[in-house]
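Structure record follows, encoded as structure tokens.
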Amino acid sequence: AQKITQTQPGMFVQEKEAVTLDCTYDTSDPSYGLFWYKQPSSGEMIFLIYQGSYDQQNATEGRYSLNFQKARKSANLVISASQLGDSAMYFCAMRAYNQGGKLIFGQGTELSVKP
Amino acid sequence: DTGVSQDPRHKITKRGQNVTFRCDPISEHNRLYWYRQTLGQGPEFLTYFQNEAQLEKSRLLSDRFSAERPKGSFSTLEIQRTEQGDSAMYLCASSFWGQVNSPLHFGNGTRLTVT
């Protein structure tokens, strides 16, 4: 069975500093993808970044990067130069290719950026 | 590309009543997903369609829940004989299925309150 674990219910970071949000996963499928989504208080789910299980390099998208450690089954999101608008819930999710197209989500981490 | 739209945004109903939600996916996407999200939790998978075929249903989807996607376009999610435990945000998402890296694009959700 697939499982995503986010162990940090809440995190605080000072504006302009970097922050790492943890995510570990479990799957027996060799082909899978890992996704991070942001959910502001307004409720919409915003796709941030993707990492494939066969990708050799860590994914980056602007201020977002994914620290992918396959042997440890971790896919941590790093946000550099935090901004007040980064305050939101962040969800890690996984899709295993042989388990159909659905995403399985973690419990989320609430990030608060302090001015 | 107008995004995924859901209707209504909010629904308040009395216990025992039936409710129906609608989702219009991104037109070129062939997969459509329904999720349920309760406060402080990650989205939970309910069901998904590829074109008009319903490919998977979660065990969370009791007999009171039914989803359809006639003609492979919009989808409806109906809850019969609503219970207070059905109160949640119901999220619809769509994607193009061909590669594991296709992200899900979410609508803004329908918030259901059962009194």
Side-chain angles (χ1 to χ4, degrees), chain A residues 1-10 21 23 25 27 29-55 59 61 64 66 68 75 88-110, chain B residues 1 3-6 8-10 23 25-26 29-51 53-61 67 69 88-112:
Chain A
Q2 303 172 71
K3 188 177 181 181
I4 292 281
T5 302
Q6 294 180 256
T7 57
Q8 305 155 313
L21 306 183
C23 171
Y25 62 91
T27 180
D29 199 317
S31 178
Y32 53 89
L34 297 155
F35 301 77
W36 278 91
Y37 282 82
K38 173 184 179 181
Q39 188 176 42
S41 57
S42 52
E44 72 267 34
M45 294 284 285
I46 303 167
F47 166 67
L48 297 177
I49 195 168
Y50 164 83
Q51 179 83 42
S53 58
Y54 294 119
D55 292 343
E61 290 287 348
Y64 305 108
L66 204 152
F68 180 48
M89 284 291 290
Y90 288 81
F91 293 98
C92 180
M94 177 174 64
R95 165 192 280 154
Y97 190 83
N98 289 326
Q99 296 293 324
K102 64 181 183 288
L103 289 185
I104 301 299
F105 286 84
Q107 298 286 77
T109 295
E110 184 172 11
Chain B
D1 179 356
V4 179
S5 62
Q6 293 187 245
R9 291 295 308 276
H10 304 275
C23 172
I26 294 171
H29 286 174
N30 57 359
R31 286 210 169 176
L32 186 149
Y33 306 79
W34 285 100
Y35 283 81
R36 180 172 65 190
Q37 187 178 25
T38 53
L39 199 62
Q41 302 295 314
E44 296 175 297
F45 169 76
L46 293 179
T47 187
Y48 81 95
F49 294 82
Q50 179 159 312
N51 301 315
Q54 189 173 19
L55 296 187
E56 186 175 348
K57 290 171 60 174
S58 165
R59 285 172 291 177
L60 293 173
L61 216 62
R69 193 183 182 197
M89 176 76 83
Y90 289 84
L91 296 167
C92 176
S94 68
S95 75
F96 176 73
W97 178 249
Q99 296 177 344
V100 72
N101 65 350
S102 299
L104 270 60
H105 298 263
F106 284 84
N108 288 330
T110 294
R111 183 168 295 283
L112 173 67

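Each chain gets a letter, A, B and so on, in the order the sequences are listed, and its residues count up from 1.
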Portion of [X] that has a non-hydrogen atom of chain A nearer than 4.5 angstrom:
X: B/Q41; value: both
X: B/S95; value: side chain
X: B/L104; value: both
X: B/Q37; value: side chain

>> Quick one, A/K102 and B/Y35 - any side-chain contact, counting heavy atoms below 4.5 Å?
In response: yes

> Any idea which heavy atoms bring B/S102 and A/R95 closest together, and the distance?
Replying inline: O-NH1, 2.5 Å

> Between A/M45, A/M89, A/Q6, A/Q51, which residue shows the highest count of heavy-atom pairs closer than 4.5 Å to chain B?
Replying inline: A/M45

>> Rounded to the nearest 0.5 Å, what separates atom CD in A/Q39 from atom CE in B/M89?
In response: 7.0 Å

> Could you state the interatomic distance from CD1 (A/I46) to NE2 (B/H105), rounded to the nearest 0.5 Å?
Replying inline: 12.5 Å

